[in-house]
Enquirer: 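Here it is, the structure, as structure tokens.
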Amino acid sequence: MRSSPIAGTSPIRVRIAPSPTGPLHIGTARTALFNFLFARHHQGTFILRLEDTDQARGSLAFEKDILDGLHTLGITWDEGPAVSGEEARGPHAPYRQMERLPLYAEAASDLLARDLVYPCYCLPDQLDADRKLAEAEHRPPRYVGRCANFTPEERKVREAASLAAALRFRVPENTLVGFDDLIRGHVEINTDALGGDFVLVRGDGSPLYHFTVVVDDVEMEISHVIRGEDHLSNTPKHILLFRAMGHEPPVFAHLPLILNPDRTKMSKRKSQTAVGDYLAQGFIREALVNYLALLGWSTGSEDEILGMDELIRRFDLDHVHQAGAVFDRERLEWLNGQWVRRLDPDELVDRLRPFLEADAVAGRIDRMPPDGQIRALVPLVRERLPTLGAITDQVGFLFVDHVAIDPAMLVPKRWDAATALDGLAAAREVIADVGRVSFEADELEPLLRSLAERRGWKAGDLFMAIRVAVTGRTATPPLFDTLVALGYEQALHRMDRAIGVLRAAASATAT
RNA sequence: GCCCCCAUCGUCUAGAGGCCUAGGACGCCACCCUUUCAAGGUGGAGAUCACCGGUUCGAAUCCGGUUGGGGGUACCA
């Protein structure tokens with residue numbers, strides 16, 4: 001039973017609230033995308049809030065990775081934190097939780113004044129012992145409430161002993177908390193399953209996730225919380241807090257999880273999870289966005305190549321799935337190829353350049369081709385790039401000073417070494433002749449074909465020998481275009497070298 | 001353990017009681033195209049709709065149970 005996608009009449013405000021404890025995760029990107037699409041589709045507001053209260057694990061480098069990654073994917077926010085000189089955007093600034101501490105302190109003292117929350121002096125060791133005991137007795141772990149009913153005097157004694165007090169929220173007993181999830185339908189959880197009174201503020205005064213998320217969602221007037229299903233069981237805690245603070249909870253929508261191949265929650269251990277890594281390998285943003293949108297959502301039709309505008313136009317929450325989806329890299333690669341082929345040629349040059357530059361720096365190629373040369377290669381490579389990073393794999397041989405040639409590969413299956421030598425020498429002369437006038441694919445092909453015909457060779461065999469001679473490989477873009485891309489001088493030079501290699505190998509076997 | 005969620009080809013999915021002899025896509029296999037590799041085209045294999053029971057003239061679709069899987073259960077987010 002699903003409620004209408006948009007409950008109430010208040011303006012739509014959604015958020016992505018990443019925690020900078022790691023690089024931008026595929027799952028975070030997908031959640032961000034769904035929130036973004038939902039906001040854009042309904043002319044709502046999309047907010048980025050940094051949940052950086054875990055100072056031990058968080059870092060600025062991760063924060064930058066997350067922001068940059070979202071930006072690269074085209075997931076832009078209407079309200080968000082100050083970044084690198086730029087001021088925070090939006091009426092609810094700041095958007096970084098560590099800069100919002102006074103808000104949490106204020107909310108906490110209010111709850112404390114109303115006795116909805118109480119100081120807890122339990123030590124971590126005690127809590128651990130409680131948990132272990134519960135486990136041994138096969139009881140669900142739950143806070144025993146040791147500090148729940150101290151008198152003011154009892155508290156004073158502990159404070160005098162300068163015991164650090166965490167703040168715990170009083171969870172009502174045996175109460176059903178229900179909500180209508182836009183994706184799951186009606187969900188009901190008994191408060192007894194919540195593990196007892198939970199901590200809102202650490203002993204050192206720093207606020208915890210369950211607390212900050214609610215304070216901020218209230219203050220930022222979030223209308224819809226669209227997040228991963230891993231938060232479903234936590235939702236009653238949040239609802240209790242919303243009510244304690246005198247607010248109706250927002251509408252919830254819990255997305256299915258993205259899964260490892262073994263169907264567990266996608267994790268770094270078992271999958272590549274960093275968006276940056278996919279980008280670095282040459283998956284392009286259009287493909288990533290298209291793929292992520294289709295993980296757990298569908299148009300309801302059979303269309304699947306969808307750009308951002310199209311996604312915004314068609315996105316809705318009621319076509320979101322309930323079951324988790326395995327991340328399938330092969331399908332991503334296919335989609336990436338689809339989008340690479342759709343790129344404007346000049347745009348493709350721009351996107352290819354950084355990959356070639358990186359490979360030049362890494363020494364995988366000896367020189368960086370000028371833009372004109374990359375542009376000329378576009379028709380040859382665009383159908384052969386599952387990722388942009390594959391460019392050097394495809395045509396790197398054009399930009400190296402020496403290609404390593406395996407003499408065995410120079411001899412096609414139907415040929416022997418002598419034929420190969422003969423064929424390469426004859427082809428060398430044909431190529432040399434053509435080049436004296438002009439060096440065009442259209443001219444090379446018929447002449448080399450007729451050479452093969454005259455000598456009774458299969459054209460494919462001759463072409464393969466030449467291919468290996470000039471590229472060192474058996475799989476390349478079309479041969480004649482490749483020869484032209486190589487240039488007359490270089491093509492002849494490589495033919496001569498290959499002939500030399502073959503001769504040397506032949507005499508070595510002879511002796 | 002307890003609580004919650006989920007369940008259609010290997011994978012992503014279409015499917016809102018008769019349109020389903022369960023459709024599409026990725027991957028796989030063949031063939032066509034072809035100088036190799038791709039791309040493209042055509043075709044194929046691949047799902048007793050997890051299982052059992054019910055409701056109904058009729059169920060992949062509704063209900064109940066079972067099984068299986070996942071998530072949550074922190075002074076992490």
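So that the names make sense, note that chain A is the first sequence line, chain B the second, and so on, each numbered from 1.
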Enquirer: So what does A:Pro477 touch, heavy atoms closer than 4.0 Å: a base, only the sugar-phosphate, or nothing?
Expert: base

Enquirer: Using a heavy-atom cut-off of 4.0 Å across all strands, would you classify A:Ile189 as base, sugar-phosphate, or nothing?
Expert: sugar-phosphate

Enquirer: Indicate whether OP1 or OP2 belonging to B:C5 is found under 4.0 Å from a side-chain N or O atom of A:Gln322.
Expert: no

Enquirer: Can you tell me the pairing partner of B:C28 across any strand shown, Watson-Crick or G-U wobble, with both distances under 3.5 angstrom?
Expert: B:G44

Enquirer: Just how far, in rounded Å, is P of B:C75 from CZ of A:Arg146?
Expert: 12 Å

Enquirer: Within the 4.0 Å heavy-atom criterion, would you say A:Gly300 contacts the bases, only the backbone, or no part of the nucleic acid?
Expert: sugar-phosphate

Enquirer: Is NZ or CZ of A:Arg168 both nearer than 6.0 Å to the six-membered ring centre of A:Tyr143 and within 45° of the ring axis?
Expert: yes

Enquirer: Relative to the 5' end of RNA chain B, which residue comes earlier, A:Tyr209 or A:His138, by the nucleotide with the nearest heavy atom?
Expert: A:His138

Enquirer: Using whole Å, report how far CG of A:Asn290 lies from P of B:C12.
Expert: 17 Å

Enquirer: Closer than 4.0 Å, any side-chain N/O of A:Arg331 to the OP1 or OP2 of B:G10?
Expert: no

Enquirer: Could you check, using the six-membered ring where one of them is a Trp, whether A:His231 and A:His254 have ring centers closer than 6.0 angstrom?
Expert: no

Enquirer: Is there a side-chain contact between A:His319 and the phosphate of B:G15, meaning an N or O under 4.0 Å from OP1 or OP2?
Expert: yes

Enquirer: Check the distance between B:U36's C1' and A:Leu380's CG and give it to me in whole angstrom.
Expert: 14 Å

Enquirer: Please work out if A:Gln126 contacts a base, only the sugar-phosphate, or nothing of the nucleic acid, heavy-atom cut-off 4.0 Å.
Expert: nothing

Enquirer: If you count the non-hydrogen atoms of other residues, nucleotides and ligands that lie under 6.0 Å from CD in A:Glu453, is the total more than 12?
Expert: no

Enquirer: Within less than 4.0 Å of OP1 or OP2 of B:C75, is there a side-chain N or O belonging to A:Arg168?
Expert: yes

Enquirer: Is the Lys NZ or Arg CZ of A:Lys237 less than 6.0 Å from the centre of A:Phe198's six-membered ring, within 45° of the axis?
Expert: yes

Enquirer: Check this one for me: any side-chain N or O of A:Arg329 less than 4.0 Å away from OP1 or OP2 of B:C26?
Expert: no

Enquirer: Using only side-chain N and O atoms of A:Lys237, determine if any of them is under 4.0 Å from OP1 or OP2 of B:U73.
Expert: no

Enquirer: With sugar-phosphate meaning primed atoms plus P, OP1 and OP2, does A:Asp230 contact a base, only sugar-phosphate, or nothing at under 4.0 Å between heavy atoms?
Expert: sugar-phosphate

Enquirer: For A:Ala475, report the nucleic acid contact type (base, sugar-phosphate, nothing); a contact means any heavy atom under 4.0 Å.
Expert: base

Enquirer: Measure from the side-chain heavy atoms of A:Arg341 and tell me the nearest of B:U36, B:C76, B:A39.
Expert: B:A39

Enquirer: Rounded to whole Å, how long is the line connecting atom CG of A:Asn260 with atom P of B:G69?
Expert: 16 Å

Enquirer: Pick base, sugar-phosphate or nothing for A:Thr264, based on heavy-atom distances below 4.0 Å to the nucleic acid.
Expert: sugar-phosphate

Enquirer: With a 4.0 Å cutoff (strictly under), does any side-chain N or O of A:Ser298 reach OP1 or OP2 of B:A14?
Expert: yes

Enquirer: Check the phosphate of B:U11 against A:Arg263, side-chain N and O only, distance under 4.0 Å to OP1 or OP2. Yes or no?
Expert: yes

Enquirer: Pick the closest RNA chain B nucleotide for A:Pro18 and for A:Arg384 by heavy atoms, then say which residue is nearer the 5' end.
Expert: A:Arg384

Enquirer: Quick check, are the ring centers of A:Phe327 and A:Tyr291 under 6.0 angstrom apart?
Expert: yes

Enquirer: Would you classify A:Ala166 as touching base, sugar-phosphate or nothing, given that sugar-phosphate means primed atoms plus P, OP1 and OP2, and contacts are heavy atoms under 4.0 Å?
Expert: base

Enquirer: Go through the steps to decide whether A:Asp197 and A:Arg170 satisfy the test salt bridge (charged side-chain N to carboxylate O under 4.0 Å, His left out), and finish with yes or no.
Expert: CA-CA 5 Å; A:Asp197 300 342; A:Arg170 293 188 195 278; 5.2 Å; no

Enquirer: Across all strands, who's sitting opposite B:G68 as a Watson-Crick or G-U wobble pair, both distances under 3.5 Å?
Expert: B:C6

Enquirer: Quick check on B:C76: is either OP1 or OP2 less than 4.0 Å from any side-chain nitrogen or oxygen of A:Thr21?
Expert: no

Enquirer: Need one value for A:Gly195: base, sugar-phosphate or nothing, where a base atom within 4.0 Å counts as base even if backbone is also close, heavy atoms only.
Expert: nothing

Enquirer: Look at A:Arg202 and B:A77 and indicate whether a side-chain polar atom (N or O) is within less than 4.0 Å of OP1 or OP2.
Expert: yes

Enquirer: Whole-Å distance between B:A38 P and A:Arg473 CZ?
Expert: 12 Å

Enquirer: Can you check the A:Ile466 CD1 to B:U36 P distance for me, whole Å?
Expert: 14 Å

Enquirer: NA contact type, A:Leu295, heavy-atom cut-off 4.0 Å: base, sugar-phosphate, or nothing?
Expert: sugar-phosphate

Enquirer: Would you mind pulling out the nucleotide paired to B:U61, Watson-Crick or G-U wobble, both distances under 3.5 Å?
Expert: none

Enquirer: Taking the cut-offs as 6.0 angstrom to the six-membered ring centre and 45 degrees off its axis, would you call A:Arg158 and A:Phe150 a cation-pi pair?
Expert: yes

